[in-house]
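Numbers restart at 1 for each chain; the letters A, B, ... are given by sequence-line order, proteins then strands.
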There are 2 protein chains.
Amino acid sequence: MKPNVAAPQTRDRLIAAMLDALRGRGYHGVGLSELLASAGAPKGVLYHHFPGGKAELAAVAVRVAIDNMLSSLDRLFEKHADPAVALAAWMDGAQKQLRSSAYERGCPLAAIALESTPDDVAIRSALAEGFAAIRARIAAALENHGVEPAMASRIAMLILAAYEGALLQARVAGRSDALRDTSAALIALIDAQPRSPR
Amino acid sequence: MKPNVAAPQTRDRLIAAMLDALRGRGYHGVGLSELLASAGAPKGVLYHHFPGGKAELAAVAVRVAIDNMLSSLDRLFEKHADPAVALAAWMDGAQKQLRSSAYERGCPLAAIALESTPDDVAIRSALAEGFAAIRARIAAALENHGVEPAMASRIAMLILAAYEGALLQARVAGRSDALRDTSAALIALIDAQPRSPR
DNA sequence: GATTCTATAGACCGGTCGGTCTAGTGTCTA
DNA sequence: TAGACACTAGACCGACCGGTCTATAGAATC
């Protein structure tokens, strides 16, 4: 009756392989066989764990990626009282990950977001909800720091947009300037805000 | 010797079809046959105009997309003296295009950027140069408006990143809030800057 | 009018795609 | 120890992938 405790490994390996693929080449960019090879799993396993095939695996991977981002944001906001500092650390982390992977590993959400069509209901809704959740976390941190709610929500939107856009540009440029400059501009602008609720 | 004057139509239709595909589903998301069907052209034509095949067509399409963006930016900065106003108009244009296409048509550069790997040298360098050129235009407009050069360059980076990131989110969400909010936040922050004015 | 060159046209190809199917293995329950 | 079940394993499939090839149409050159 109970699910086998040792079993989930393979499932997790599949998810990790998909995440890696999404980061590097996008959903359509990776073939199933390549994916399975990098997970060290045969085909049958995929359809056992994800009857919906590649698309279902991707949708699950998206949810996992979002959970990861949320918890890493939570960690940052807990560690740094000032959201601007947390933001800088966040961007810095992205920079490091990008550089240490020879500019291959960007954000797993962005790639699949741009490849998706309105027909991909499951993936699009997972993405939309995920992005909203991330924005909500950032907005909450800003509010805690005294930013007026409506403005906090808008700035959170800007921050996430800037994060994704900067990561994208840094990746194709093969240099992390984009992330550094975006982060610097963002923080300069926020700090220069007239209401300084400190 | 002279190139046929009436001929380029087909070539242009191929480029347009590729641009459309990149906007909607990304590079790997569209098949050659689908592409050719939507351009109303047989296979031989593609390899006549683009011996490098799909990849070469994509690289050319990227350059065209960049030219388009540059000239539409030029038009906006010419029309609006205040860069913040021009920026708002830019974002507004993206919003309209997205909405009028049922949230299918995003930025043709972003999708292929995220699908590309370091091996895709031609495409990556075209993209990187293109993004740099776009940032340079924005930075120039800011400088003309009295923003200090180093800061202008950083803010230009932020603006382009925010544009791409917001477009991406608006597309998956199926609503244009992301673009509206990002634009509002950006302008609010820039306007609140202590003007080192002119 | 023959030749040449650009452009159009689509049959055709091997390879890979995502997906299905059957078989085997190990473990827990009865 | 028999059966059920979760999981692993990979052969196999039709469809479609990007790409090559030959044939032809039409204008320009001689």
Between D:dC7, C:dG19, C:dA7, spot the one nearest the side chain of A:H48, thanks. D:dC7
Starting from P on D:dG26, measure out to CD on B:Q9 and report it in whole angstrom. 15 Å
Would you indicate, yes or no, if D:dC17 has its OP1 or OP2 atom less than 4.0 angstrom from a side-chain nitrogen or oxygen of B:S33? yes
B:P42 side chain reached by B:V45 side chain, heavy atoms, under 4.5 Å: yes
Reckon A:T10 has a side-chain N or O less than 4.0 Å from the OP1 or OP2 of D:dT8? yes
Please examine the side chains of B:H49 and B:E56, heavy atoms only from C-beta on, and report whether any two atoms are closer than 4.5 Å. no
Taking atom C1' of C:dA11 as reference, at what distance in whole Å does atom CG of B:L36 sit? 14 Å
Expressed as a whole number of angstroms, how long is the span from A:E34:CD to C:dG19:C1'? 18 Å
Can you tell me how far P of D:dT20 sits from CZ of B:F50, to the nearest Å? 15 Å
So what does B:G44 hit on the nucleic acid, given a heavy-atom distance under 4.0 Å: a base, only sugar-phosphate, or nothing? base
In whole angstroms, how far is the P atom of C:dG19 from the CG atom of A:L35? 11 Å
Using side-chain hydrogen bond (donor to acceptor under 3.5 Å, both in side chains) as the criterion, list what pairs up with A:D74, not counting sequence neighbours. A:R137
Rounded to whole Å, how long is the line connecting atom NE2 of B:H49 with atom P of D:dG19? 17 Å
What's the NZ-P distance between A:K54 and C:dT20, to the nearest Å? 14 Å
To the nearest angstrom, how far is A:K43 atom NZ from C:dG18 atom C1'? 6 Å
Min side-chain heavy-atom separation B:M69-B:L109 under 4.5 Å: yes
